Amino acid sequence: MSRLLIPRLSTGQASELLVDHARALEEGASPETLVRLDVSGTPNPTGGSPAPIEDIEHWRREIIDRIDGVDTRSRAGRDALGVALGQAIEEVIHPIPADAAHDGIWSYLSLAVFPDVVNRRWPGERKDGQFVLPAEQWIGHQTTTRDRNYLKLSWRRWIILGEVMEEARPRLGENEFGAILEERTAVARNRRLVVAAARTIIQRGSKYPGGRTEFSRQLMKRIAERTGPLLLDIRSDEEILSVVDAEADACFRSVQYRGARRAVV
């Protein structure tokens, strides 16, 4: 647990480093050589104790050790990397919430401290004759319209759903996390509702036509429509779970109804 301020990159710094990394990888550089702990970042205007280089070096060593054995050649392995990475960021760096809200710290961690880790999940590709790295996952909201920085999402998913992540076999995947947390942002603001939905997806999703991923999309869509006018803060956990269970039942009834109509036709 650090409770130290994480350095930040400006949008210009982040964009420049991303181009430099893409050029280096295209020329055959090893992803590990992209690490740039010499990059100081921009000062934090709110004050506080900035993380010294010794702490940043420790963050890197500890987190790399924790995720080193994860094989990312399969979808399950890539999902496992995201879970392990989010847990490691929380337990090793333990970002201050107000600091974590600034996109610049995630650009710094992605481009200066853990570029090799991001590259394991989001390597570059050639587009229009040019080798590029995906800015959406390497930088995030600073340079794109979507808040999709890979390290930030991994950490956010862990702090919200960490207690249920280990219950899933197979683990919750990126598509399911997207349906639960990113596609329905109004629902994602209520942690108790999200946890209840995640547990229901884990318990019942495999029985749904299309599997857990399709069930998560349909369930979260229904939950968003149902809970929009409800004041959930005054409801108990049991009442929230009852709402989620009712919408899950409705998902299955809808599938049965569509199947019956096709049979009649």
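Predicted model only: the values in this text are computed from it and were never measured. Note that the numbering runs from 1 along the sequence shown for the chain. Reckoned from all heavy atoms, side chains included, excluding hydrogens, waters and symmetry mates.
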Enquirer: Work out which heavy atom in Ser154 is nearest to a heavy atom in Gly82; give both atom names and the distance.
Expert: CB-O, 3.5 Å
Enquirer: Less than 4.5 Å apart, side chain to side chain, heavy atoms only: is that true for Ile67 and Arg120?
Expert: yes
Enquirer: Name all residues meeting the salt bridge (charged side-chain N to carboxylate O under 4.0 Å, His left out) criterion together with Glu239; count only those two or more places apart in sequence or in a different chain, and write none if there are none.
Expert: none
Enquirer: Using the side chain to side chain donor-acceptor pair (under 3.5 Å) criterion, which residues pair with Gln137? Sequence neighbours excluded.
Expert: none
Enquirer: Any chance you could measure Thr72, atom OG1, to Leu81, atom CG, to the nearest 0.5 Å?
Expert: 6.5 Å
Enquirer: Check ring pair (Phe, Tyr, Trp, His ring centres under 6.0 Å) between Trp138 and all other residues, then give those that pass, not counting sequence neighbours.
Expert: none
Enquirer: How many angstroms lie between atom OG1 of Thr227 and atom CE of Met220, to the nearest 0.5 angstrom?
Expert: 8.0 Å
Enquirer: Should Val19 and Leu17 be regarded as members of a common hydrophobic cluster, given that ILVMFWY residues are connected when their side-chain heavy atoms come within less than 4.5 Å of each other, either directly or indirectly?
Expert: no
Enquirer: Let me confirm one number: the CG-CG distance from Asp237 to Leu193, rounded to the nearest 0.5 Å.
Expert: 11.0 Å
Enquirer: Can you name the closest pair of heavy atoms from Leu9 and Gly41 and give their distance?
Expert: CD2-CA, 4.1 Å
Enquirer: Under a 4.5 Å side-chain heavy-atom rule over Ile, Leu, Val, Met, Phe, Trp and Tyr, are Ile202 and Val243 clustered together?
Expert: no
Enquirer: If hydrophobic clusters are built by linking Ile, Leu, Val, Met, Phe, Trp and Tyr wherever their side-chain heavy atoms come under 4.5 Å apart, do Leu241 and Val195 end up in the same one?
Expert: no
Enquirer: Tell me every residue that passes side chain to side chain donor-acceptor pair (under 3.5 Å) with Glu136, counting only those two or more places apart in sequence or in another chain.
Expert: none
Enquirer: Can you check side-chain contact (heavy atoms from CB on, under 4.5 Å) on Leu111 and Arg36, steps first, answer last?
Expert: CA-CA 8 Å; Leu111 291 159; Arg36 291 285 307 276; over 6 Å; no
Enquirer: Ser110: which residues meet the side chain to side chain donor-acceptor pair (under 3.5 Å) condition with it, sequence neighbours left out?
Expert: Asn149
Enquirer: Working to the nearest 0.5 angstrom, can you tell me the gap between Lys221 NZ and Leu219 CG?
Expert: 12.5 Å
Enquirer: For a quick test of reading the model, state the closest non-hydrogen atom pair linking Leu4 to Pro52 and the distance between them.
Expert: CD1-CD, 4.0 Å
Enquirer: Any idea how Trp106 and Trp155 line up, ring-wise: parallel (<30°), tilted (30 to 60°), or perpendicular (>60°)?
Expert: tilted
Enquirer: Got a salt bridge between Asp249 and Arg222, using NZ or NE/NH1/NH2 to carboxylate O under 4.0 Å?
Expert: no
Enquirer: Is the count of non-hydrogen atoms from other residues, nucleotides or ligands lying under 6.0 Å from Glu16 atom CD greater than 12?
Expert: no
Enquirer: Does any N or O in the side chain of Gln218 come within less than 3.5 Å of the main-chain N or O of Ser254, such that one atom is a donor and the other an acceptor?
Expert: no
Enquirer: Could you see if Tyr150 belongs to whatever hydrophobic cluster contains Val132? Use Ile, Leu, Val, Met, Phe, Trp, Tyr and a side-chain cutoff under 4.5 Å.
Expert: no
Enquirer: So, for Ser40 and Pro7, which heavy atoms are closest and what is the spacing to 0.1 Å?
Expert: O-CB, 3.7 Å
Enquirer: Show, in sequence, the C-alpha distance, side-chain angles and deciding distance for Arg217 and Glu214, and conclude whether the salt bridge (charged side-chain N to carboxylate O under 4.0 Å, His left out) test is met.
Expert: CA-CA 5 Å; Arg217 293 193 181 105; Glu214 182 60 24; 3.7 Å; yes
Enquirer: Does a side-chain heavy-atom distance below 4.5 Å link Leu18 with Thr143?
Expert: no
Enquirer: Answer yes or no: are there more than 12 heavy-atom neighbours, outside Gln130 itself, under 6.0 Å from its atom CD?
Expert: no
Enquirer: Can you list the steps and then say if Asp245 with Arg199 is a salt bridge (charged side-chain N to carboxylate O under 4.0 Å, His left out)?
Expert: CA-CA 10 Å; Asp245 282 341; Arg199 283 205 164 102; over 6 Å; no
Enquirer: Which heavy atom in Thr213 sits nearest to a heavy atom in Ser216, and how many Å separate them?
Expert: O-OG, 2.6 Å
Enquirer: Is the side chain of Arg235 donor-acceptor paired with the backbone N or O of Ile240 at a distance under 3.5 Å, no angle test?
Expert: no
Enquirer: Verify the neighbour count for atom CZ of Arg73: are there more than 12 heavy atoms of other residues, nucleotides or ligands below 6.0 Å?
Expert: no
Enquirer: When rounded to the nearest 0.5 angstrom, what is the spacing between CD in Gln87 and CZ in Arg66?
Expert: 6.5 Å
Enquirer: Quick check: do Glu247 and Val244 have side-chain heavy atoms less than 4.5 Å from each other?
Expert: no
Enquirer: Please answer whether the main-chain N or O of Glu238 pairs with a side-chain N or O of Ser242 as donor and acceptor at a distance below 3.5 Å.
Expert: no
Enquirer: Under 4.5 Å between side-chain heavy atoms, hopping through other hydrophobics if needed: is there a path connecting Leu133 to Val35?
Expert: yes
Enquirer: Taking the side chain as every heavy atom from C-beta outward, state whether Tyr108 and Gln13 have any atom pair closer than 4.5 Å.
Expert: no
Enquirer: Mind checking whether His141 and Lys152 have side chains closer than 4.5 Å, heavy atoms only?
Expert: no
Enquirer: Can you find a pair of side-chain heavy atoms, one from Trp59 and one from Ile6, that are under 4.5 Å apart?
Expert: yes
Enquirer: Verify side-chain contact (heavy atoms from CB on, under 4.5 Å) between Trp158 and Ile89, making sure each step is shown before the conclusion.
Expert: CA-CA 9 Å; Trp158 176 261; Ile89 291 172; over 6 Å; no
Enquirer: Output all residues satisfying salt bridge (charged side-chain N to carboxylate O under 4.0 Å, His left out) with Arg23, sequence neighbours left out; order by chain, then residue number.
Expert: Asp20
Enquirer: Indicate yes or no: at least one non-hydrogen side-chain atom of Pro115 is less than 4.5 angstrom from one of Glu32.
Expert: no
Enquirer: Measure the shortest side-chain to side-chain distance between Asp116 and Ile64 over non-hydrogen atoms and say whether it is less than 4.5 angstrom.
Expert: yes
Enquirer: Rounded to the nearest 0.5 Å, what separates atom CZ in Phe131 from atom CD in Glu27?
Expert: 11.0 Å
